[in-house]
Amino acid sequence: MSSIGNDCVLLILKYLHEENLVETAHELERQSGIFFNMNYVEELVMNGEWEETEKYLSGFTEVEDNRFSTKMFFEIRKQKYLEALDRNDRHKAVEILKNDLKIFSRFDNDLYREMALLITVEDFRKHRSLRKYGDTVSARASILREIKKAIGSNPVFHGKLEFPAIDTAALRNLPSHEEEEEKEKEEEEEEKEKEEEEKKEGEEVEEEEKKKMEEEEKKMEEEEEEKRMEEEEEEEEEKKMEEEEKKEEEKKMEEEKKKEEEKKMEEEEEEEKKEEA
């Protein structure tokens with residue numbers, strides 16, 4: 001869409017919000033993909049309107065666009081699943097697991113299997129990763145933070161999170177069809193360059209995240225190895241102490257035995273002297 005077209009859409013959006021025609025405004029936001037209304041998404045998430053949340057997001061990105069988009073949709077569907085379990089609605093939970101969460105098994109099958117096993121437990125909060133899960137409101141607030149974090153890092157949303165200024169002067173001086181086509185062509189080329197830059201930036205961010213994760217994993221492995229070595233040293237020390245105690249005990253017993261034998265020999269000698277006398 002050309003800049004003049006964008007300005008037209010933004011002007012309509014502004015009018016719709018001013019006239020409190022919010023549903024129409026949000027639908028135009030979704031269909032045009034020009035402006036991402038974060039306040040609207042916050043409202044949807046806190047109200048638990050998961051289908052509407054996904055519908056709105058789908059106007060800007062899809063599950064497999066990049067790892068940030070995958071993260072957003074996963075958090076939404078996971079919360080929907082956990083709330084069904086919390087209501088003890090097993091039928092709904094199974095439906096969500098099959099229809100909404102199955103796609104994520106391609107990314108992490110072990111995680112999907114763990115989530116599937118939650119259906120079999122009486123209280124999913126007993127799971128080690130869900131012990132801090134509180135009530136519904138606090139849980140929604142928690143995943144909202146995760147979603148906003150993913151949106152902020154997602155190159156798909158760059159330049160769409162703030163309502164831009166509208167060039168009303170340009171609207172009063174609409175260009176000719178030929179000028180508009182030429183301008184559109186220029187803007188398409190600029191957009192293509194921008195997309196390539198964003199793609200490169202996204203790849204760099206992913207590479208940094210990957211590197212960071214590898215460093216953290218390496219650090220954890222080193223800490224685990226250090227802990228294991230410390231435990232082995234402690235075990236070795238305990239074993240050594242036990243052996244020393246055992247030797248000391250044996251030595252003590254040997255000395256007592258020797259004393260008893262000497263005492264016995266003295267008594268026998270005393271007895272023989274008495275008999276001779």
Side-chain angles (χ1 to χ4, degrees), residues 13 16-17 21-127 129-154 156-157 160-161:
L13 279 175
L16 291 172
H17 280 291
L21 300 170
V22 290
E23 291 184 10
T24 306
H26 295 320
E27 184 62 21
L28 182 56
E29 290 164 358
R30 184 185 70 81
Q31 291 187 11
S32 65
I34 292 175
F35 170 64
F36 184 82
N37 195 321
M38 185 69 82
N39 291 335
Y40 179 51
V41 171
E42 290 178 4
E43 180 184 330
L44 292 174
V45 170
M46 293 308 297
N47 290 337
E49 298 178 48
W50 308 119
E51 283 74 16
E52 191 61 34
T53 303
E54 283 205 35
K55 180 182 176 182
Y56 187 75
L57 285 171
S58 67
F60 301 86
T61 186
E62 298 295 337
V63 175
E64 298 184 65
D65 279 354
N66 55 54
R67 65 191 186 89
F68 301 108
S69 297
T70 302
K71 170 74 172 175
M72 286 189 299
F73 284 99
F74 173 73
E75 291 294 339
I76 289 166
R77 297 179 186 184
K78 182 183 77 172
Q79 183 61 26
K80 181 167 64 170
Y81 174 65
L82 293 177
E83 288 187 16
L85 289 176
D86 211 17
R87 296 192 305 270
N88 203 28
D89 190 346
R90 304 287 173 176
H91 178 76
K92 183 64 176 177
V94 171
E95 182 183 311
I96 295 168
L97 190 67
K98 290 181 177 179
N99 299 335
D100 296 336
L101 290 169
K102 181 66 176 177
I103 188 173
F104 298 103
S105 64
R106 299 205 301 266
F107 306 106
D108 192 337
N109 190 51
D110 291 338
L111 178 59
Y112 175 76
R113 289 174 64 188
E114 278 192 27
M115 294 191 70
L117 289 173
L118 294 177
I119 293 178
T120 64
V121 300
E122 185 177 346
D123 185 359
F124 63 80
R125 291 175 177 83
K126 293 180 180 179
H127 191 276
S129 64
L130 297 169
R131 289 171 183 169
K132 294 183 179 180
Y133 187 98
D135 56 24
T136 300
V137 174
S138 61
R140 289 175 182 176
S142 178
I143 72 147
L144 177 58
R145 288 192 293 272
E146 293 298 317
I147 292 170
K148 291 175 73 174
K149 185 178 177 182
I151 289 171
S153 301
N154 197 332
V156 171
F157 294 93
K160 298 179 180 180
L161 299 177

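Quick note: numbers below take in every heavy atom, side chains included, and nothing from hydrogens, waters or symmetry partners. This one's a predicted model, so the numbers in the text were calculated from it and none came from an experiment. The first residue of the sequence shown is numbered 1, and numbering continues consecutively from there.
Between Ile34 and Phe60, the shortest heavy-atom contact is N-CE2, 4.3 Å. For the pair Ala150 and Met72, the tightest heavy-atom approach, listed with the atom from each and the gap, is CB-CG, 3.6 Å. Pairing each heavy atom of Ser58 with each of Phe73, the nearest pair is N-CZ, 4.5 Å. The two residues Trp50 and Val45 come nearest to each other via the heavy atoms CH2-O, 3.6 Å. Heavy atoms only, all atoms of each residue included: Arg125 and Gly134 are closest at NH2-O, 3.0 Å. Between Ser105 and Lys102, the shortest heavy-atom contact is OG-O, 2.6 Å.
For the pair Asn47 (side chain) and Glu43 (backbone), a donor-acceptor distance under 3.5 Å is present. Remark: the backbone N or O of Leu57 is not paired with any side-chain donor or acceptor of Thr61 at under 3.5 angstrom. A donor-acceptor pair under 3.5 Å is absent between the side-chain atoms of Ser69 and the main chain of Asp65, judged by distance alone. Listed for the Ser142 side chain is no donor-acceptor partner under 3.5 Å among the backbone atoms of Ser138. Between the side chain of Arg77 and the backbone N or O of Asp100, at least one donor-acceptor pair lies under 3.5 Å. A side-chain donor-acceptor contact under 3.5 Å links Thr120 to the backbone of Leu117. Using modelled atom types, no side-chain atom of Asn154 and backbone atom of Phe157 make a donor-acceptor pair closer than 3.5 Å.
At least one side-chain heavy atom of Glu29 sits less than 4.5 Å from a side-chain heavy atom of Leu13. Counting only heavy atoms from C-beta outward, the side chains of His127 and Val121 never approach each other to under 4.5 Å. With contacts defined as side-chain heavy-atom distances shorter than 4.5 Å, the pair Asp110/Glu114 does not qualify. Contact check for Val63 versus Phe74: no side-chain heavy atoms found under the 4.5 Å cut-off. Side-chain contact between Asn37 and Phe35: present, with at least one pair of heavy atoms (C-beta onward) separated by less than 4.5 Å. Considering only heavy atoms from C-beta on, Arg140 comes within 4.5 Å of Gln79 through its side chain. When side chains are defined from C-beta on, Phe124 does not count as touching Met115, because their heavy atoms never get closer than 4.5 Å. Using a 4.5 Å heavy-atom cutoff, the side chains of Lys55 and Glu27 are in contact.
A salt bridge links Lys92 with Glu95: at least one charged nitrogen is closer than 4.0 Å to a carboxylate oxygen. Salt bridge present: Glu75 and Lys78 bring a charged side-chain N and a carboxylate O closer than 4.0 Å.
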Check against side-chain contact (heavy atoms from CB on, under 4.5 Å), Leu85 and Arg90: CA-CA 6 Å; Leu85 289 176; Arg90 304 287 173 176; 3.5 Å; yes
Candidate pair Glu42 and Lys148, rule side-chain contact (heavy atoms from CB on, under 4.5 Å), full reasoning: CA-CA 9 Å; Glu42 290 178 4; Lys148 291 175 73 174; 2.8 Å; yes
side-chain contact (heavy atoms from CB on, under 4.5 Å) evaluation trace for Asp89 with Glu83: CA-CA 9 Å; Asp89 190 346; Glu83 288 187 16; over 6 Å; no
Verdict with reasoning, Asn109 to Phe104, per side-chain contact (heavy atoms from CB on, under 4.5 Å): CA-CA 7 Å; Asn109 190 51; Phe104 298 103; over 6 Å; no
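Atom CD of Gln31 is surrounded by more than 12 heavy atoms from other residues, nucleotides or ligands within 6.0 Å.
For the atom pair OG1 (Thr136) and CE (Met46), the distance works out to 10.0 Å, reported to the nearest 0.5 Å. With rounding to the nearest 0.5 Å, the separation of OH in Tyr56 from CD in Glu49 is 13.5 Å. The distance from the CD1 atom of Ile151 to the CD atom of Glu146 is 11.5 Å, given to the nearest 0.5 Å. Between the CD1 atom of Ile76 and the CD atom of Glu51 there is a distance of 10.5 Å, given to the nearest 0.5 Å. Lys149 NZ to Leu144 CG: the interatomic distance, rounded to the nearest 0.5 Å, is 13.5 Å. Here Glu54 contributes atom CD and Leu44 contributes atom CG; the two are 11.5 Å apart, rounded to the nearest 0.5 Å.
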